[in-house]
Amino acid sequence: MAVTGRLGLLALLGALVVGLLFPSGTGVAVVVAVLLVLVVVDLVLAGSVRALRFSRSGTTSVRLGEPAEVTLTVTNPGGRTVRGSLRDAWPPSAGADDRHALTVPPGERRALTTALLPTRRGDRIAARVTVRAVGPLGLAARQGSHEVPWTVRVLPPFHSRKHLPSRLARLQQLDGRNAVLIRGQGTEFDSLREYVIGDDVRSIDWRATARASDVMVRTWRPERDRQVVLVLDTGRVSAGRVGDAPRLDAAMDAALLLAALASRAGDRVDLVAYDRRVRASVPNAATPSLVNALATIEPSLVETDARGMVAEVLRRTRRRALVVLLTGLEPAPLQEGLFPVLGSLTARHEVLVASVADPRVAEMAASRGSAEAVYDAAAAERALADRESSVAWLTRHGVGVVDAVPEELPPALADRYLALKAAGRL
């Protein structure tokens, strides 16, 4: 009865409008009146958009570059079928395939799956769900939007994990399975075994050999439960792009590989992300918690407070540790920031600086095809010379330096860590 009365009222209004527009009562007026009535009827008979109920399920975290799926369940508690289209809107960086056809009979529900392929790290938050319900004649539609919250955290891709098996194999060699050629204060006696060709003769235990029928060698292993502090510079320098990504992303990849390796070696790994304040802090970090913490960190367009960063490290680290600074090697920021305060850090800890180099600079330095290329080459040579000057200064002051392009930095940093272990300096 309510629908019939509403239709009659709308038809009367349509007739009045037609009468005002076409007072002569022509055939055109009749056609328009009929169409207007049909549109009104179609609109009234369309399913209710406001009454729809929504819920979500599916992926809550995914690595950058990998696909994800989020399921949207639509429930129709109304008395008419909702037929039309639905848009499940997400930010552009979520890479969402967000448009769906929709048909939900009365009292039923339908599940729609939105495929995501994120192009940036961080939290991707769902926007509104917009439904357009078309009437049975397809002449008119109702449209409305609903807030249906959901967040997908896009984690760092951790491309360097492909280097982990080979580095773990080298770690096993250091961990007492083979005789260690170089022993220092960071190694301890593990066990005895029979001599095999290739072992260092300095590892022979002559007393044990005298008691046994074979030549016996001592095996050594690096000390465990050391502390590794990863300091991620998130200031202005980290925002510079190398290839398709900021320097910060390459530094994160190197930090993740080193953290995974050091954790397997039995060392404690802490992470601090810092520019002018602490952006993230993960004590005793396992790889999953570290990846989750790094997901939302973005570069800040401010100059890093090196004094505050060093003070934060000294406050957190009481015993001797390996402090890995993932920062830039640009001379100006180093001379004004890190160089004056580096002595207080090297006096108490083993310090290693890891920096992302831009392969494009080396390419420019080698180009000679035109006058413009020669000028570019001169600028590139100057940049490389400044970088080498920074490396030389750091080396003279007892700081190890790992300077490599994004793809080579993670394994190079892991190799330096293993070298420190083998040399007994950690």
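Sequence positions, counted from 1, serve as the residue numbers for this chain. When reading the values below, keep in mind they use all heavy atoms of this one structure, side chains included, and skip hydrogens, waters and symmetry mates.
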Side chains of [X] and [Y]: closer than 4.5 Å at any heavy-atom pair?
X      : Y      : result
Leu116 : Val62  : no
Val70  : Val152 : yes
Leu258 : Val269 : no
Phe54  : Leu72  : yes
Val356 : Val405 : no
Val353 : Val402 : no
Leu257 : Phe158 : yes
Leu413 : Val324 : yes

Distance, nearest 0.5 Å, that separates [atom1] of [X] from [atom2] of [Y]:
X      : Y      : atom1 : atom2 : result
Glu69  : Ser57  : CD    : OG    : 10.5 Å
Arg279 : Leu232 : CZ    : CG    : 12.0 Å
Tyr274 : Glu312 : OH    : CD    : 6.5 Å
Glu381 : Glu388 : CD    : CD    : 8.5 Å
Leu394 : Leu329 : CG    : CG    : 6.5 Å
Leu338 : Leu325 : CG    : CG    : 6.0 Å

Should [X] and [Y] count as an ion pair when the cut-off is N to O under 4.0 Å?
X      : Y      : value
Arg316 : Asp270 : no
Asp415 : Arg170 : yes
Asp98  : Arg87  : yes
Asp267 : Arg226 : no
Arg241 : Asp249 : no

When you measure from the side chain of [X] to the backbone of [Y], do you find a donor-acceptor pair of N or O atoms at a distance under 3.5 Å?
X      : Y      : value
Ser367 : Met364 : yes
Asn76  : Arg80  : yes
His349 : Ala321 : yes
Asp358 : Val242 : no
Arg348 : Thr346 : no

Between [X] and [Y]: side-chain donor-acceptor atoms closer than 3.5 Å:
X      : Y      : result
Arg387 : Ser355 : yes
Ser300 : Thr234 : no
Asp123 : Thr151 : no
His146 : Thr130 : no

Q.
Working note: Ser238 + Asp233, criterion side chain to side chain donor-acceptor pair (under 3.5 Å); need CA distance, chi angles, decisive distance, verdict.
A. CA-CA 7 Å; Ser238 68; Asp233 182 353; 5.3 Å; no
More than 12 heavy atoms of other residues, nucleotides or ligands under 6.0 Å from [atom1] of [X]: yes or no?
X      : atom1 : result
Arg276 : CZ    : yes
Glu336 : CD    : no
Arg161 : CZ    : yes
Asp244 : CG    : no
Arg319 : CZ    : yes
Arg109 : CZ    : no
Arg315 : CZ    : yes
Arg153 : CZ    : yes

(Q) Go through it in stages, so that I can follow the logic: the residues are Arg167 and Leu418, the test is side chain to side chain contact (heavy atoms under 4.5 Å, CB included), and I'd like the CA-CA distance, side-chain angles, deciding distance and then a yes or no. (A) CA-CA 8 Å; Arg167 270 62 190 180; Leu418 291 173; 4.0 Å; yes
Q.
Go through it in stages, so that I can follow the logic: the residues are Leu271 and Val229, the test is side chain to side chain contact (heavy atoms under 4.5 Å, CB included), and I'd like the CA-CA distance, side-chain angles, deciding distance and then a yes or no.
A. CA-CA 6 Å; Leu271 174 113; Val229 183; over 6 Å; no
Q. Angle class for the Trp393/Phe339 ring planes (parallel below 30°, perpendicular above 60°, tilted otherwise)?
A.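 The arrangement is parallel - the two ring planes meet at less than 30°.
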Looking at every heavy atom in both [X] and [Y], which two are closest together, and how far apart are they?
X      : Y      : answer
Pro246 : Pro299 : CB-CG, 4.4 Å
Ser344 : Val310 : OG-CG1, 3.6 Å
Asp253 : Pro410 : OD2-CG, 3.9 Å
Val104 : Leu102 : CG2-CD1, 3.4 Å
Gly328 : Val237 : CA-CG1, 3.8 Å
Ser48  : Val82  : O-CG2, 3.6 Å

Q: Decide yes or no on side chain to side chain contact (heavy atoms under 4.5 Å, CB included) for Thr71 and Leu112, but give the supporting numbers first.
A: CA-CA 6 Å; Thr71 300; Leu112 306 174; over 6 Å; no
**Q.** Given Thr296, Leu294, Leu248, the one that forms side chain to side chain contact (heavy atoms under 4.5 Å, CB included) with Arg121
**A.**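 Exactly one pass, corresponding to Leu248.
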Q.
So, applying side chain to side chain contact (heavy atoms under 4.5 Å, CB included) with Val313, which one of Leu345, Val351, Val272 is it?
A.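 Among the candidates, only Leu345 passes.
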Q: Walk me through it: do Ser93 and Thr119 pass the test side chain to side chain donor-acceptor pair (under 3.5 Å)?
A: CA-CA 5 Å; Ser93 58; Thr119 57; 5.1 Å; no
Q) Is there a side chain to side chain contact (heavy atoms under 4.5 Å, CB included) between Met309 and Asp275 once you walk through the steps? A) CA-CA 7 Å; Met309 181 172 66; Asp275 42 66; over 6 Å; no
Q) Which is it for Asp88 and Arg56 under the salt bridge (charged side-chain N to carboxylate O under 4.0 Å, His left out) test, yes or no, and what are the steps along the way? A) CA-CA 11 Å; Asp88 184 10; Arg56 290 190 187 272; 2.7 Å; yes
Q: Begin from the C-alpha positions of Thr114 and His100 and carry the test side chain to side chain donor-acceptor pair (under 3.5 Å) through to its verdict.
A: CA-CA 9 Å; Thr114 299; His100 307 274; 3.1 Å; yes
